[in-house]
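Data first, discussion second: the structure below is written as structure tokens.
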Amino acid sequence: MKLIIAIVQDQDAPSLIEELMDKDFRVTKLASTGGFLKAGNTTLLSGVEDDKVDEVLKIIEDNCKTRDITTSLLTVTMPGDTYMPYPLEVRVGGATVFIVEVEKYMRV
Ligand code: 2BA
């Protein structure tokens, strides 16, 4: 068994969870925050049998879009200690996925 950890954009989470549930995969949704943008994203945990991993990855790929986001994360220091927000283009997604071997899975 593998644990699939997928970090996705909030907008993509509802359709992704719906399709996973429709296809009888179990999934847990966690509210998370990206370290770089300091903005909310969604982390999904799904324990799946080895032969189902590719199917789950395909569902993630189909539901998660790449988006270009303009953020004002950077600031430029101006004379007189004034800070000006400086727009920064960042490409986010579709999804960041980790696949981890599960040593033991129990529901007691
Ligand atoms: P954030 O850390 O908020 O990053 C959002 C996007 O900002 C990233 O999109 C990437 O395009 C950009 N970015 C991140 N760090 C950067 C840096 N040092 N310099 C320039 N640009 C940077 P994604 O790569 O699609 O990542 C989306 C979210 O997935 C991340 O949100 C983070 O929450 C998570 N993530 C990505 N890689 C990870 C990793 N190796 N370990 C843990 N979480 C990760």
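We count ligands from 1, going down the list as the structure has it; atoms in each ligand are counted the same way.
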Would you call E55 and K23 a salt bridge, using N to O less than 4.0 angstrom?
no
Considering L37, T42, I69, T96, which one's heavy-atom position lies nearest to atom 3 (O) of ligand 1?
L37
Check whether any N or O atom of I7, backbone or side chain, sits under 3.5 Å from an N or O atom of ligand 1, and answer yes or no.
no
Can a donor-acceptor pair be found, under 3.5 Å and without considering hydrogens, that links the side chain of Q9 to the backbone of K65?
yes
For M1, does the CE atom have more than 12 heavy-atom neighbours from other residues, nucleotides or ligands under 6.0 Å away?
yes
For atom 33 (O) of ligand 1, what's the nearest protein heavy-atom neighbour? Residue, atom name and distance, please.
N41 ND2, 3.0 Å
Charged N to carboxylate O below 4.0 Å: is that the case for D12 and R67?
yes
Closest to atom 23 (P) of ligand 1 among protein heavy atoms sits G93 N, 4.1 Å
Which residue and heavy atom of the protein sit nearest atom 31 (O) of ligand 1, plus the separation
G34 CA, 3.5 Å
Closest protein heavy atom to atom 2 (O) of ligand 1, given as residue, atom name and distance to 0.1 Å:
F36 N, 2.9 Å
Heavy-atom count check: over 12 atoms from other residues, nucleotides or ligands less than 6.0 Å from E103 CD?
no
Within ligand 1, which atoms have a heavy atom of R91 less than 4.0 Å away?
9 (O), 10 (C), 11 (O)
Pick whichever of V8, V92, L88 has a heavy atom sitting closest to atom 27 (C) of ligand 1.
V92
Between ligand 1 and F98, is the shortest N or O to N or O distance under 3.5 Å?
no
Below 4.0 angstrom, N of the basic side chain to O of the carboxylate: do D54 and K58 qualify?
no
Can you find a non-hydrogen atom of A39 under 4.0 Å from ligand 1?
no
Mind checking whether K38 has an N or O less than 3.5 Å away from an N or O of ligand 1?
no
Are side-chain heavy atoms of L44 and I17 found at a separation under 4.5 Å?
yes
Is G35 close to ligand 1, meaning an N/O of one under 3.5 Å from an N/O of the other?
yes
Nearest-neighbour protein heavy atom for atom 6 (C) of ligand 1, which is reported as residue plus atom name and distance:
V90 CG1, 3.5 Å
How far does OG of S46 sit from CG of L16, to the nearest 0.5 angstrom?
9.0 Å
Side-chain heavy-atom pair L88, T70 within 4.5 angstrom cut-off
no
